[in-house]
Amino acid sequence: MIPLLILGILLEIGESSPYIVLSTIKKRNYKYLVHVTTGSLYYNFKQLEKSKYLKLTRIEKSDSYPDQSFYQVTDQGNQHFTELMDKYSNSHDAPMSINGTSFSKHSF
């Protein structure tokens with residue numbers, strides 16, 4: 001479910017960093033959908049990049065905080081997002097509605 005959230009958020013907001021995606025997950029209360037830790041989020045970003053679903057676009061360096069890597073969804077990642085949406089929307093144990101809000105591949 002975490003890869004689905006990452007891909008969906010990146011498809012909506014465009015190029016972004018794991019830090020910004022995690023902030024978005026918290027702000028939107030997706031914690032009711034899936035438990036995401038900082039470690040699990042960064043791990044999933046790396047796995048999605050390794051699978052060529054995400055592409056590292058740039059690294060912002062700073063003296064006052066850790067470097068931030070920015071990613072964007074590839075064409076393969078867009079296709080994988082659609083496959084994950086189909087998988088989870090057909091699964092009886094995966095919630096696709098929270099507080100009356102239904103999720104579809106267009107809701108991210």
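The side chain to side chain contact (heavy atoms under 4.5 Å, CB included) check on Q79 picks up E83, with sequence neighbours excluded. Taking the side chain to side chain donor-acceptor pair (under 3.5 Å) definition, one finds that D67 meets it with K61, sequence neighbours left out. For E60, the side chain to side chain donor-acceptor pair (under 3.5 Å) partners are R58, not counting sequence neighbours. In this structure S69 satisfies the side chain to side chain contact (heavy atoms under 4.5 Å, CB included) test together with L56, I59, Y71, sequence neighbours excluded. K46 meets the salt bridge (charged side-chain N to carboxylate O under 4.0 Å, His left out) test with E49; sequence neighbours excluded. Listed by chain and residue number, Q72, T74 satisfy the side chain to side chain contact (heavy atoms under 4.5 Å, CB included) test with K55 (two or more places apart in sequence, or in another chain). S23 pairs by the side chain to side chain donor-acceptor pair (under 3.5 Å) definition with nothing, not counting sequence neighbours. Take T38 and apply the side chain to side chain donor-acceptor pair (under 3.5 Å) test, not counting sequence neighbours, and it matches no residue.
Put simply, the side chain of S40 never gets that close to the backbone of V36: no donor and acceptor are under 3.5 Å apart. Checked by atom type and distance alone, the side chain of S51 never pairs as donor or acceptor with a backbone atom of Y53 at under 3.5 Å.
Considering all non-hydrogen atoms of both residues, L7 and G77 come closest at CD1-O, 3.8 Å. Closest of all the heavy-atom pairs between P18 and L41 is O-CD2, 3.2 Å. Residues H35 and I2 come closest through the heavy atom pair O-CD1, 4.0 Å.
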Derivation of the side-chain contact (heavy atoms from CB on, under 4.5 Å) call for I9 and Y30: CA-CA 11 Å; I9 290 169; Y30 288 156; 4.1 Å; yes
Determine, step by step, whether V21 and F45 satisfy the side-chain contact (heavy atoms from CB on, under 4.5 Å) criterion, reporting the C-alpha distance in whole Å, the side-chain angles of both residues, the deciding distance to 0.1 Å, and the verdict. CA-CA 10 Å; V21 170; F45 260 89; 3.7 Å; yes
List the steps and the verdict of side-chain contact (heavy atoms from CB on, under 4.5 Å) for L4 and M1. CA-CA 5 Å; L4 175 66; M1 186 69 84; 3.7 Å; yes
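L48 and V34 fall within a single hydrophobic cluster, where Ile, Leu, Val, Met, Phe, Trp and Tyr are joined by side-chain heavy atoms under 4.5 Å apart, directly or via other members. A chain of hydrophobic side-chain contacts below 4.5 Å, direct or via other Ile, Leu, Val, Met, Phe, Trp or Tyr residues, connects L54 to I13.
Side-chain atoms of Y65 and Y19, non-hydrogen and from C-beta on, never get closer than 4.5 Å to each other.
Separation of atoms CD1 (I20) and NZ (K27) is listed at 11.0 Å; rounding is to 0.5 Å. Annotation: the span from T82 atom OG1 to M85 atom CE amounts to 8.5 Å, rounded to 0.5 Å. We find the CG-CD distance between L10 and E15 to be 9.5 Å, quoted to the nearest 0.5 Å.
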